[in-house]
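Only a predicted model underlies this, so the values are computations on that prediction, with no experimental measurement involved.
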Amino acid sequence: MSETAEYAETAPPGKGDAAPAATGSKASRTPSPWRSRLYRWDIKASPYVFVAPFFLFFGAFGLFPLLYTGWASLHRLELTNLDDSTWLGLDNYTNLLQSEYFWNALGNTFTIGVISTVPQLAIALGIAHLLNYKLRGSTLWRVAMLAPYATSVASASLVFTLLFAWDGGMVNWLIGSVGFDPVNWRESSWGSQFAVSSIVIWRWTGYNALIYLAAMQAVPHDLYESAALDGASRWQQFRHVTIPMLRPTILFTVVVSTIGATQLFGEPLLFGGTAGSKGGADHQFQTLGLYLYDQGWINGHLGRASAVAWLMLVILLLIAAVNMLIARRLRKDR
């Protein structure tokens, strides 16, 4: 054996000898087919597993009650005998459309909605405009705006019931001090609707003010600077700069407030006391929500109450359709 061959046998492996070892190590790290298949299943199935709880809860507490209510609206279903149902078709809807109490509740809902929504959003817009300027303790004011929203419906309604009390209420004391006669707010038609609307205004004005404030802070300051250079006052800047830029936000708050007014329930129920479900002795402030509750849980006519619920759904869908049309028109105007 030559010295060259002996040296080759005893020499340590070099760079050229490392390649086969690296190739063998890489081959040993190649995943097996079942692991590759499991990995592909994990990539495809994981998103569905993560969103499955939402669909399960939505199906149990959203979709199923909606479908069951639609089925119940087509049957005579009584609270005292849930196992016995009789097919009626559209009779429940026909009876509702012929009922004066339904139209009274619809009219009250519209009236209370207008009385509560228009002042609420107007006041919220003004408060947001004031908060948009640099004020001392601005964070404190913003938290104070949310305090009524954080208050429970029961607490707010009970306090306002005391304020609008016939005997000893602060509101009657105030109007009596300026020479007006006291008002029986609970028994009066317009008085009771105004009292219920005042609860809604107090609870939701601050919430809408913060929404408007967030939208105002997104308006470019260059627009205000250009308007100021052109000689526009702050009121003119508010009219010609702020309001046009807030149109989508204002439309959003109008739609949300209208939906909330259509579903109004807690405030008139607690304000009415023992006759709360009927909206007063003469149904003077009975809303659609109270009418549904009265038909379903007081009178026990679940089929008719389900029909009321579906008619409310139709009203909300119409509101949503009007919102889409107006929003599309605004986008075209831009």
Is the backbone of [Y] close enough, under 3.5 Å, to the side chain of [X] for a donor and an acceptor to pair up by distance?
X    : Y    : result
N323 : I319 : no
T109 : A105 : yes
H283 : K278 : yes
T205 : W202 : no
N92  : A307 : no
Q263 : G260 : no
Q284 : R186 : yes
S116 : I112 : yes
T262 : T258 : yes
E267 : S197 : no

Do the non-hydrogen side-chain atoms of [X] and [Y] ever get within less than 4.5 Å of each other?
X    : Y    : value
F160 : V196 : no
T287 : F265 : no
M216 : L246 : yes
Q120 : S257 : yes
Q236 : V241 : no
L213 : N132 : yes
R304 : F102 : no
M312 : L316 : no

Hey, what do you get for [atom1] ([X]) to [atom2] ([Y]), rounding to the nearest 0.5 Å?
X    : Y    : atom1 : atom2 : answer
L292 : Q286 : CG    : CD    : 10.5 Å
I259 : L264 : CD1   : CG    : 13.5 Å
L121 : I201 : CG    : CD1   : 9.5 Å
T86  : H75  : OG1   : NE2   : 8.0 Å
M324 : R329 : CE    : CZ    : 16.0 Å
D230 : E225 : CG    : CD    : 12.0 Å

Q193 versus N108, side-chain donor and acceptor atoms under 3.5 Å = yes

Considering the options Y207, Y212, W204, which one meets the side chain to side chain donor-acceptor pair (under 3.5 Å) requirement together with T253?
->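 Of all the options given, the one that passes is Y212.
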
So, for Y291 and Y101, is the gap between ring centers shorter than 6.0 Å?
-> no

Can you confirm whether [X] is buried at [atom1], in the sense that more than 12 heavy atoms of other residues, nucleotides or ligands lie under 6.0 Å from that atom?
X    : atom1 : answer
W71  : CH2   : yes
N81  : CG    : yes
W235 : CH2   : no
R76  : CZ    : no
Y224 : OH    : yes

Cluster companions of F110 among Ile, Leu, Val, Met, Phe, Trp, Tyr (side-chain spacing under 4.5 Å) |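 Via sub-4.5 Å side-chain contacts, F110 links to V114, V118.
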
Only one of W185, F285, W173 passes ring-ring contact (aromatic ring centres under 6.0 Å, His included) with F164; say which it is.
->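 Single pass found, and it is W185.
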
